[in-house]
Amino acid sequence: MSQQPQPPRQEPGKAEQGVSNQSPAPPVTRAGVVWTAVVVALVVLILLIVFFLQNQDSVRVYFLGLGGYVPLGLALFIAAVAGGVLVAVAGAVRILQLRLLARRSRRTTPPTAAKR
């Protein structure tokens, strides 16, 4: 086992004068964030279109005494959106509870601050 001679090590941070191997990362801009969001939204939209095209069988749906035929993909999509709305409402109620609690705690002054 013979070892090859290795080049001398340079201390970290001591690059050659004026030459840097790494360029600084570009700043994150709003346009870049919007572009990324649009690309993600388009991918999700394409996946939804594929989902609808693969689930076109009509199914009978009953809701609140009403009944009718709806494509399976649409029925599942409506159910998912309704579930998302319920989660959003529950989250909004909890946020309002926490804001109200924070506002009440700010209005009451601690006993040590009232004596000053």
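Hydrogens, waters and symmetry mates play no part in the numbers below; they use all other heavy atoms, side chains included. This structure is a prediction, so every number in the text was calculated from the model and none was measured.
With sequence neighbours left out, Gln56 forms a side-chain hydrogen bond (donor to acceptor under 3.5 Å, both in side chains) with no residue at all. Leu72 meets the side-chain contact (heavy atoms from CB on, under 4.5 Å) test with Asn55, Val59, Leu76; sequence neighbours excluded. For the side-chain hydrogen bond (donor to acceptor under 3.5 Å, both in side chains) test, no residue two or more places apart in sequence or in another chain qualifies with Arg30.
The other members of the hydrophobic cluster of Val34, by chain and number, are Val38, Leu42 (side-chain heavy atoms under 4.5 Å, ILVMFWY only). Hydrophobic cluster membership for Leu45: Ile49, Leu53 (Ile, Leu, Val, Met, Phe, Trp, Tyr linked by side-chain heavy atoms under 4.5 Å, directly or transitively). Residues Val33 make up the rest of the hydrophobic cluster containing Val28, defined by ILVMFWY side-chain heavy atoms closer than 4.5 Å, directly or through other members. Side-chain contacts under 4.5 Å among hydrophobic residues (ILVMFWY), followed directly or transitively, place Leu100 with no other residue at all.
More than 12 heavy atoms of other residues, nucleotides or ligands lie within 6.0 Å of CZ in Arg60, so this atom counts as buried by the packing criterion.
Applying the side chain to side chain donor-acceptor pair (under 3.5 Å) test to pairs two or more places apart or on separate chains, those with a residue in residues 79-97 are Arg94-Gln97. For residues 85-105, no residue pair satisfies the ring pair (Phe, Tyr, Trp, His ring centres under 6.0 Å) rule, not counting sequence neighbours. Annotation: ring pair (Phe, Tyr, Trp, His ring centres under 6.0 Å) contacts involving residues 48-96, sequence neighbours excluded, comprise Phe52-Phe77. Residue pairs meeting the ring pair (Phe, Tyr, Trp, His ring centres under 6.0 Å) criterion with at least one partner in residues 79-104, sequence neighbours excluded, are absent.
Leu86 is not connected to Ile95 by any chain of hydrophobic side-chain contacts under 4.5 Å among Ile, Leu, Val, Met, Phe, Trp and Tyr, and they are in different clusters. One hydrophobic cluster holds both Leu74 and Val81 under the rule that ILVMFWY side chains link at heavy-atom gaps under 4.5 Å.
In this structure, CG on Leu96 lies 9.5 Å from CZ on Arg103, to the nearest 0.5 angstrom.
Between Val70 and Ala75, the closest heavy-atom pair is CG1-N, 4.0 Å.
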- Item | Steps toward side chain to side chain contact (heavy atoms under 4.5 Å, CB included) verdict (Thr108, Arg104) | CA-CA 7 Å; Thr108 60; Arg104 285 181 184 165; 5.8 Å; no
